Amino acid sequence: MKPYDLKIISNVRVSERYWHLKLDARPIADSIRPGQFFNIKCADLAFLRRPFSIYRINKEEKTIEFLYLVKGNGTVHLTEAAPGEYLNIFGPLGNGFELKKEWNTVLLLARGVGIATLAALAQEAAANQVTCIAVLSARTNNDLLSTEMLERLGVEVYKVTEEDGTSDVEAVEKLIENLLKANRIQAAFTCGSKRLSKLLQRMAKMVHLPAQIALEEHMGCAMGVCYACVCDIQENDDTHSVRVCREGPVFDLNKVVLK
Amino acid sequence: MKPYDLKIISNVRVSERYWHLKLDARPIADSIRPGQFFNIKCADLAFLRRPFSIYRINKEEKTIEFLYLVKGNGTVHLTEAAPGEYLNIFGPLGNGFELKKEWNTVLLLARGVGIATLAALAQEAAANQVTCIAVLSARTNNDLLSTEMLERLGVEVYKVTEEDGTSDVEAVEKLIENLLKANRIQAAFTCGSKRLSKLLQRMAKMVHLPAQIALEEHMGCAMGVCYACVCDIQENDDTHSVRVCREGPVFDLNKVVLK
Amino acid sequence: MDHLQLGVKIGHLYLKNPIMPASGAFGFEMETLIDFNNLGAIVPKSITKHPRGGNATPRVCEVNGGMINSIGIQSKGVDYYVKEILPHYERYDTPLISSISADSVEEFAEMAEIISRESIVSGIELNISCPNLKGNGKAFGMDAALSYNVVKKVKDVTDKPIIAKLTPNVTSIQEIALACEKGGADALNVANTFLAMAVDIYTREPKIGNVLGGISGPAIKPLIVRMIYQVRKVTNLPIIGCGGVMTWEDVVEMLLVGANAVQVGTASFINPTALPDILEGLKEYMTANGVKDINELVGKVNIKHNQVESI
Amino acid sequence: MDHLQLGVKIGHLYLKNPIMPASGAFGFEMETLIDFNNLGAIVPKSITKHPRGGNATPRVCEVNGGMINSIGIQSKGVDYYVKEILPHYERYDTPLISSISADSVEEFAEMAEIISRESIVSGIELNISCPNLKGNGKAFGMDAALSYNVVKKVKDVTDKPIIAKLTPNVTSIQEIALACEKGGADALNVANTFLAMAVDIYTREPKIGNVLGGISGPAIKPLIVRMIYQVRKVTNLPIIGCGGVMTWEDVVEMLLVGANAVQVGTASFINPTALPDILEGLKEYMTANGVKDINELVGKVNIKHNQVESI
Ligand SMILES: Cc1cc2nc3c(=O)[nH]c(=O)nc-3n(C[C@H](O)[C@H](O)[C@H](O)COP(=O)(O)OP(=O)(O)OC[C@H]3O[C@@H](n4cnc5c(N)ncnc54)[C@H](O)[C@@H]3O)c2cc1C
Ligand SMILES: Cc1cc2nc3c(=O)[nH]c(=O)nc-3n(C[C@H](O)[C@H](O)[C@H](O)COP(=O)(O)OP(=O)(O)OC[C@H]3O[C@@H](n4cnc5c(N)ncnc54)[C@H](O)[C@@H]3O)c2cc1C
Ligand SMILES: Cc1cc2nc3c(=O)[nH]c(=O)nc-3n(C[C@H](O)[C@H](O)[C@H](O)COP(=O)(O)O)c2cc1C
Ligand SMILES: Cc1cc2nc3c(=O)[nH]c(=O)nc-3n(C[C@H](O)[C@H](O)[C@H](O)COP(=O)(O)O)c2cc1C
Ligand code: FES
Ligand code: FES
């Protein structure tokens, strides 16, 4: 982890509420893993940095990409950053997803901008000939991002939205049940929705499916010193506090306490 | 006085430390007088507005111009404002110079960016066939601004600088003495230097020359309500406090108390 | 938007809306800029009994997220105020609140008495943040007994609603608020500026002629919001929130933690039409969110946990 | 730049330079980012005697010019600290200052005693901003007698230099500073965070899980500068300035008003290499301005007028 001034290659709107940011990553020596994140100084007018997962790592052209939802002060100003300018990003931070060698087929369950986080994983899975089945949930079809990119990677994509009335928890539960029946899914990954994470946690515990979650929490330092970003991990009968920025953001879904 | 969002026509560096700003003034209905000023919101990152005298009023092309010294937080950020963007300026504020009908020849004594303030007056004088003799003082010749513009207006310009060793008070006193002898100067105007203002005050009192000064003081509201920008006026034996932004910034040099 | 109920009550005083200027950041010089009839109240700069010159310049400086000022209550005295200042506001139907500063408890009472004779004065705001020169020089508002005394003595001589403007430079704002309530205050203003200082590292001189000054602007809003919240917990008196309001969002935030109205000071220096702009924003917010009566918002912050009041 | 004298003394403690981290905004996780040997001191997060869970999330939020935090001193207890945290710092030759928090005067003394046994500990900072649970729940540092007591009891059980970290949420920082001096404090830290609050107007929930929190960052610097100035006027004890330092300019400002050293907290969240960057800036400033010894700057603010200490 280090702060870097990276040149902006592009920063464009990709849907109503989402933007895509591409940076020249040549200065970064560390290797970057899917699930890791960077803490980005969005603008002078946004005091704190903002954490964003790595969305795409392009090793050949040495670029990194982020997909971000325009939400408040920081991201609104981030949209104003222009190609050619430099952005100060701090990272890579935290621990990424673990993709075990023995897994051939995995399930991705993402909602909203959580897709950004799992897209990086899908990319790695594809490189390792792991089959990915993705359930992507969003408010509207316009919000359903990266489906084409995922399909190009060979991911089998299922889309559910409020718009189409297909995204309620019951419907998603049914869908996953069917997917679990039809495929030899060996692990699951989720990001972006508390509701869906709880659902997946329940289902994974039931069928003893290894599962990982990328969590979000408000951050101060993003480097493990301030204890702003804690969540609880339950192992056997012991509950202990961990830092999302340091021990996470990826945790064993079967152990994390979802409030 | 009103706040206006004015389009920036140009914003360019004109010497080492000075910048020139030109705005589309079409939205401004009020007439603007030399000596008046605007309070400019330089940037989001500079909290308070900054006061700048009007440097040039172009009635035909409906533009106004400012000449500013890059000094601190506000002006540093002002240099980043790009043509096409809008700048929020509040004004016109305060009272301008008084150029009496009966005056045929006047003396301008300016130092540094004080030249900006007197340039607008020279422009008006030229339009009214009043002869201007200007003594311009600066640190370096590079800092000596607008001499060409003034000469084009027909102003007789005398330059003094530290660089040339010609700008000390004694030398300027000698120069003005000679100018007063050689010309029928009926009024004097000054801006930009406490030292030179004191000199001119002393000389003007001695020879009973009408004289005006444009003062600077740190401002809060710039509209006369906060009493941040006060200075003292001495009339006969009475000293009273006035507001630079409201009763000024132009005052009778013979009455103002120069600290 | 026509059916929005924006009126609020500050004791017996009815304001047509909760947005008013803060003392010291408003004057009739703004008459051409904004319509005073659209203000909740008119609050001219604090006055003193006798004419006063004010402090050395520079009297203001910029800091991160705000400014420091030390004007020193430059005032032409109460007689001038009654004769020359008040008449300017006669043509408006907006209630006028006179802010008064004094050097002693007695002087506060004397001034309140003089001011109360003026029918145009609808309320009196006591600037108890000013130093008690007959005491140890500390502000009245830094001491509960003194604060009580000032309010009590003033209440004894006037029937006008009294607003005590607290200083935030205290260990317990609740204690001072309660003292003022006990003294008979009809409302509380939370609060005046925080004592602050800035130094120019190159000249090594304080950026304010008077060395110390009061910091205002958005930098102090989180402290003021906390204080309004704390004061609301111990009293039902009307609270006027003041400190760092720049936008209508800030007004809503202060109402949610318990303010009944707000004052806008420094914002007018940055945006001279801040007062009407904030009122417009507030109306749009109410319309968009189905808030029919502004009073519905007061104190409606949603506190879920039984929180500990420490850091 | 090699001949610059940057060393400062905090009581008997010699620091090689005046720049150190603020407790709670530093940890050995930063080891790969900055060279701890270049710090004036190492100041780990405050610890409590027994393990403690900390407060509800969200624990931080952004405000204009700063942030609010309410971590709640999440701590694994003093035993874990001694066994697991302190050893991390053994390989550095930088003095380590342990920050301790406690619920009662007695507990402060107990903890100081335990910590004092560790030779790696060069000094103890008392976080007297935490609430006194055996009393009325107010912070120790809000009461002069309690502050005196904490310092005195701790001094009785340890020979290590004691730094009292004051809370700024008081009417008179001078009074508390003097009480700590009388109790035997070797130095004063001015100061901890200001109690603050922010509300999300759309959810109507406090932005901090614990409702209230402490505001840090540039927004509070002018208040802290004022307090350092005030404390310097009444005591010759070494002062560590803390609050809103983002750049070397801020350090110079604090030194000029009387600080002998400074702590940097929030700045490290914005710029993770703030600590070394500030030190470099300071050295360049000294070189450019012919300041050979950093101590030359202390208290050198140029006060021309006989100013009044009111607003
Ligand atoms: C590890 C991690 C990875 C993330 N990856 C992505 C991503 O790839 N794309 C994306 O769009 N978003 C991502 N988020 C969420 C993203 O950080 C927030 O949406 C963003 O901080 C909001 O900032 P804002 O200024 O727009 O909103 P504001 O509401 O103005 O933010 C105010 C404050 O709250 C914090 N905050 C608000 N929402 C969140 C949140 N969900 N998580 C953490 N802090 C929050 C902000 O950081 C800021 O400090 C991630 C969060 C974490 C913790
Ligand atoms: C009526 C009037 C007319 C002026 N006209 C011009 C002009 O035409 N061109 C020009 O370059 N300058 C002019 N000035 C001075 C100009 O306002 C300052 O140089 C400018 O405010 C400095 O801002 P800064 O952010 O660069 O400096 P900073 O040092 O960062 O300013 C900090 C604060 O001090 C105030 N300040 C600093 N210097 C002055 C000053 N000399 N007068 C008033 N406030 C000051 C700033 O406004 C700001 O609030 C004028 C000042 C006044 C009062
Ligand atoms: C320049 C200036 C002058 C002020 N004068 C007074 C005053 O005379 N009386 C008073 O009670 N408050 C005075 N104040 C304080 C304001 O009324 C208000 O309490 C403070 O500025 C905080 O609000 P704000 O952040 O909206 O400005 C003054 C503030 C400023 C900035
Ligand atoms: C996230 C966070 C945690 C903190 N934890 C502690 C703490 O445990 N003990 C303490 O004395 N101060 C703590 N502080 C206060 C800082 O040490 C410091 O006094 C304050 O942040 C002001 O300095 P700054 O503006 O440089 O951050 C904490 C501050 C922050 C932001
Ligand atoms: S954000 Fe500071 S510990 Fe995670
Ligand atoms: S700046 Fe407010 S009165 Fe002049």
Side-chain angles (χ1 to χ4, degrees), chain C residues 55-56 63-66 68-70 72 129-131 137-139 142-143 169-172 192-199 201 203-206 209-215 217-223 225-226 229 244 249 252-253 256-257 285 300-305 307-311, chain D residues 55-56 63-66 68-70 72 129-131 137-139 142-143 169-172 192-199 201 203-206 209-215 217-223 225-226 229 244 249 252-253 256-257 285 300-305 307-311:
Chain C
N55 294 333
V63 291
N64 195 310
I68 303 179
N69 89 79
S70 178
S129 306
C130 52
K138 273 207 179 163
M142 286 182 162
D143 183 291
N169 299 295
V170 294
T171 307
S172 169
N192 215 307
T193 50
F194 288 81
L195 204 56
M197 176 173 183
V199 176
I201 64 164
T203 64
R204 299 195 179 175
E205 282 173 17
N210 185 47
V211 183
L212 304 188
I215 178 172
I220 67 168
K221 193 190 64 170
L223 284 90
V225 167
R226 179 262 295 184
Y229 176 73
E249 286 96 332
V252 174
E253 188 177 12
L256 288 173
V257 295
Y285 162 82
K300 289 295 159 45
V301 60
N302 186 355
I303 305 287
K304 286 192 294 193
H305 311 278
Q307 95 290 358
V308 198
E309 266 200 40
S310 69
I311 309 181
Chain D
N55 294 334
V63 292
N64 195 310
I68 304 180
N69 89 81
S70 178
S129 306
C130 51
K138 274 208 179 162
M142 286 182 161
D143 183 289
N169 300 295
V170 294
T171 308
S172 169
N192 215 308
T193 51
F194 287 82
L195 205 55
M197 178 174 182
V199 176
I201 63 164
T203 64
R204 299 196 181 174
E205 282 173 17
N210 186 49
V211 184
L212 304 187
I215 179 173
I220 66 168
K221 194 190 65 171
L223 285 88
V225 167
R226 178 262 295 184
Y229 176 74
E249 285 96 332
V252 173
E253 187 176 12
L256 287 173
V257 294
Y285 163 81
K300 289 294 160 46
V301 58
N302 187 355
I303 306 288
K304 284 193 293 196
H305 311 281
Q307 94 289 2
V308 198
E309 267 198 40
S310 68
I311 309 182

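This is a predicted model, so every value here is computed, not measured. Below, chains carry the letters A, B, ... as their sequence lines are ordered, and counting in each starts from 1. Note that these values count all heavy atoms, side chains included, but never hydrogens, waters or copies made by symmetry.
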Chemist: Answer whether the closest heavy-atom distance between the side chains of Arg226(D) and Ile68(C) falls below 4.5 Å.
Modeler: no
Chemist: Taking every non-hydrogen pair under 4.5 Å, which of Val63(D), Thr203(D), Val170(D) racks up the most with chain C?
Modeler: Val170(D)
Chemist: How about Met197(D) and Val257(C): do any of their side-chain heavy atoms sit closer than 4.5 Å?
Modeler: yes
Chemist: Consider side chain to side chain contact (heavy atoms under 4.5 Å, CB included). Of Leu256(C), Val252(C), Ile303(C), which one does Arg204(D) pass it with?
Modeler: Leu256(C)
Chemist: Pick whichever of Lys300(C), Met142(C), Glu205(C), Lys221(C) has the most heavy-atom pairs under 4.5 Å with chain D.
Modeler: Glu205(C)
Chemist: Please round to the nearest 0.5 Å and tell me the distance separating atom CG of Leu223(D) and atom CG of Leu195(C).
Modeler: 8.0 Å
Chemist: Would you say Tyr229(D) and Val199(C) make side-chain contact, with heavy atoms under 4.5 Å?
Modeler: no
Chemist: Among all residues two or more places apart in sequence or in another chain, which pass the side chain to side chain contact (heavy atoms under 4.5 Å, CB included) test with Ile220(D)?
Modeler: Phe194(D), Ile215(D), Ile224(D)
Chemist: Using a cut-off of under 4.5 Å for heavy-atom pairs, which of Gly65(C), Gly217(C), Pro218(C), Ser172(C) has the most such pairs with chain D?
Modeler: Pro218(C)
Chemist: Go through Val225(C), Asp143(C), Ile201(C) and name the one with the most non-hydrogen pairs under 4.5 angstrom from chain D.
Modeler: Ile201(C)
